[in-house]
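To start, the structure under review is shown below, and the notes come after it.
Numbered from 1 within each chain, the chains take letters A, B, ... in sequence-line order.
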2 protein chains.
Amino acid sequence: MVFNTNRVKRIITMTSKKESTQSTEERLCPMPQIAKLIGGKWKLVVLQILIFHGTHRFNELRRKIEGITQAMLTNQLRALEEDGLISRKIYAEVPPRVEYSATQKAMDLNEMFEEMHRWWVKYEG
Amino acid sequence: MVFNTNRVKRIITMTSKKESTQSTEERLCPMPQIAKLIGGKWKLVVLQILIFHGTHRFNELRRKIEGITQAMLTNQLRALEEDGLISRKIYAEVPPRVEYSATQKAMDLNEMFEEMHRWWVKYEG
DNA sequence: CAGAATCCTGTGCGATACTG
DNA sequence: CAGTATCGCACAGGATTCTG
């Protein structure tokens, strides 16, 4: 083991409220549920942009995310909004303007993104 | 912005090798590719177990991961092995024994898991 | 501009049965 | 014990068209 064993133990302890009947899947933080929040092909991309590059309009996102269709972007934005990860602000203008931005809940994912990024640079960059 | 802006700037700088033609998706670390490595319904679950709970045999994993089928577990383990995230050690015994463990590459994801876990506890725990 | 509404397709995922 | 081998479906993901 190269990583800090104490930190690992602490995490395992934190997560094991009941010792006996629960599966490992439950005692650790439940990845399937996390996958629902940030899984899929686009959610991490959208979050990354909104977290690190600030508020964007719909078509700004669309242009920045190569390969995504309008429908998919709409879907992902709706899902993210439902999960409280992004906020949607509509301006009563003509032409209509809608701005998307990361909520605090999403902002707090930035540390995770940083770790993910360091890891990526180390092994795939 | 609540989070540390300097760190954010540093990350953006780190990732932008070419400024001009590349999409944001490419200038930041490419989430679609990361999703290929650790995405899907089971990979994070398997990795979490192997990283934080050490080496496991096939059926040990199977028992710990509620709801997974043999076929799926095999698939995910093969994929993870191909990506260099887990190692597979076969013992020439009867009955056969195969042990799976996290590689260093996977071990280095533990910080990301920790951040993910802190976030989960804060918002969903 | 920012979508809604359709329709369509690939494949992620799973159930089941069989094997060295 | 630790797998393969099939089969099949639901659903994520996508192309296209229409609208306030």
Closest to the B:Arg88 side chain: D:dG3, D:dG14, D:dA2?
-> D:dG3

Would you grab the first and last nucleotide of DNA chain C (5' to 3') that comes under 4.0 Å of any non-hydrogen atom in chain A?
-> C:dC1 to C:dA5

Length of the line joining B:Leu73:CG and D:dA2:C1', which is rounded to integer Å | 10 Å

Side-chain donor-acceptor pair under 3.5 Å between B:Ser87 and B:Thr103, yes or no?
-> no

B:Arg78 side chain near D:dG3 phosphate (N/O to OP1/OP2, under 4.0 Å) = yes

Does B:Tyr123 have any ring-ring contact (aromatic ring centres under 6.0 Å, His included) partners at least two apart in sequence or in another chain, and if so, which?
-> B:Trp119

Rounded to the Å, how far apart are A:Phe58 CZ and D:dG20 P?
-> 18 Å

To the nearest Å, how far apart are B:Arg63 CZ and D:dC1 P?
-> 7 Å

Rounded to whole Å, the CG-P distance (A:Leu44 to D:dG13) equals 11 Å

What is the nucleic acid contact for B:Thr74, judged by heavy atoms within less than 4.0 Å: base, sugar-phosphate only, or nothing?
-> base

Short N-O contact, A:Arg62 and A:Glu60, less than 4.0 angstrom = no

A:Met72 CE - D:dA15 P separation (whole Å) | 11 Å

In Å and rounded to the nearest 0.5 Å, what is the CD to CG distance from B:Glu115 to B:Asn110?
-> 10.5 Å

Rounded to whole angstrom units, what separation is found between the CZ atom of B:Arg97 and the P atom of D:dG3?
-> 13 Å

Yes or no on salt bridge (charged side-chain N to carboxylate O under 4.0 Å, His left out) for A:Glu114 and A:Arg118, after CA distance, side-chain angles and deciding distance?
-> CA-CA 6 Å; A:Glu114 292 195 29; A:Arg118 289 194 194 95; 3.2 Å; yes

Just call it for B:Arg57: base, sugar-phosphate, or nothing, with non-hydrogen atoms closer than 4.0 Å on any strand.
-> sugar-phosphate

Cluster overlap B:Leu77 with B:Ile90, hydrophobic side-chain contacts below 4.5 Å = yes

At under 4.0 Å between heavy atoms, what does A:Tyr100 touch on the DNA or RNA strands: base, sugar-phosphate, or nothing?
-> sugar-phosphate

Atom CD of B:Glu60 and atom C1' of D:dG3 are separated, to the nearest Å, by 16 Å

Write down the atom of A:Asp83, the atom of A:Lys36, and the distance for their closest heavy-atom approach.
-> OD2-O, 4.2 Å

For the pair made of CG in B:Asn75 and C1' in D:dG3, what is the distance, rounded to whole Å?
-> 11 Å

Identify, between B:Gln70 and A:Ala71, the residue whose nearest nucleotide on DNA chain D lies closer to the 5' end.
-> B:Gln70

